[in-house]
Amino acid sequence: KIKALSAPVGTTLDRWIDLNQDQFPYATGELSRLLRDIGLAAKILGREINRAGLGDITGMAGSENVQGEDQKMLDIVGHIRFVRALKMGGQVCCIVSEEKEELVLTGKNDAKYVIAMDPLDGSSNIEVNVPIGTVFGIYRRKTEIGTPPEVAKDALQKGVEQIAGGYVLFGSSTMLVYTTGYGVNGFTYDPSLGEFYLSHPKMRFPAEGNIYSINESHYFKYGEAVQHYLNHCKREGYTARYIGSLVADFHRSLIKGGIYLYPATPGVYPDGKLRLLYECNPLAFIAEQAGGLAYGNGQRIMEIAPVNMHQRVPLIIGSERMVEEAMRFLK
Ligand code: P6P
């Protein structure tokens, strides 16, 4: 495997993609263009998110904004922005989106790639100004180039088939973090220049780090194994942090070291809450590339064979030490 070229901090995303162009054996520039399309959509969506509090987009769908347009929830805006950028970019034949029950066909049947995405996860956090995020996984299509894509073959692929996985975190700063299988790199957006700059090269989970992140309000609903693990965390004196926004909770785990769990929660989310294709698989790819682990239902998340596009799975993800320790309780 070609090692990711190291580039100086401050390299722009565009330059970085060019530098690492030859990593993509399968692509003749298409994946590079697709990554650029994602960067563009992130910039556009970030601008709308940062203005959301100004009343032109927040609020429930159905009301009118100052332009007299139908007001939309930001997650629908996120879906529209990403689908538009991806259709314009022409690199994907179809899109699995959290916002659409059906597979979104782009009409570009000669495109090589499939993208599974949650355009704006945690959008309920917008009104309380908590960070939110976009999550995406990119796959090669399995059906013939030139034919219409098919859900079973193109959308329902295991996480191990991903050729890229990433997220955009709209937080105190906007960051794009992604992997193409050669390590994880983080780019921070400078809105005054409209550029993403390499700020976090070769991201790895710190070996030490003891932050556990779970919604403990469900404690009495969890199975005994989860309860025993949580009691262990308290006895060990671990730190508890839970933002309630997946990308923010994951990003903190990656930077500070830690574990995020959304287990099967009987009576609430019996199969877990998070979606396999466009939340768990992309983050699992990043976690493993950063020296961490990601499990669900006792197996490696990326080995789970999807049965439907929006299926939920339990998620235990984070640093190797903490996930292995948790799996001793939760196997
Ligand atoms: P709970 C947000 O709605 C979300 O999908 C993730 O971003 C977040 O991690 C999770 O749900 C929070 O769920 O049940 O703890 O509110």
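Positions are given from 1, in the same order as the sequence printed here. Counting convention: from 1, in listed order, for ligands and their atoms alike.
- In this structure, D121 counts as a contact residue of ligand 1, since one of its heavy atoms falls inside 4.0 Å of the ligand.
- Nearest residue to atom 16 (O) of ligand 1 from H218, E98, K273, E279 is K273 (criterion: closest heavy atom).
- Under 4.0 Å from ligand 1, the heavy atoms of N215 that appear belong solely to its side chain.
- Side-chain atoms of Y238 and E325 form a donor-acceptor pair, as typed in the model, at a separation below 3.5 Å.
- Between Y242 and Y260, the ring planes are parallel. Angles under 30° get that label, and only those over 60° would be called perpendicular.
- Inclusion of L274 in the set of residues having an N or O under 3.5 Å from an N or O of ligand 1 is not warranted.
- Contacts between F250 and ligand 1 below 4.0 angstrom, taking non-hydrogen atoms only, are absent altogether.
- For the residue pair T143 / R141, a side-chain donor-acceptor distance below 3.5 Å is found, with atom types taken as modelled.
- Contact atoms of ligand 1 toward L246: 6 (C), 7 (O), 8 (C), 9 (O) (distance under 4.0 Å to a heavy atom of the residue).
- Within the 3.5 Å criterion, the main-chain N or O of C93 finds a donor-acceptor partner in the side chain of T106.
- F250 and Y167 have perpendicular rings, their planes meeting at more than 60° on a 0 to 90° scale where under 30° would count as parallel.
- Of all atoms in ligand 1, numbered sequentially from 1 with element shown, those under 4.0 Å from a heavy atom of G122 are 2 (C).
- Taking only nitrogen or oxygen atoms, main chain and side chain alike, Y260 reaches within less than 3.5 Å of ligand 1.
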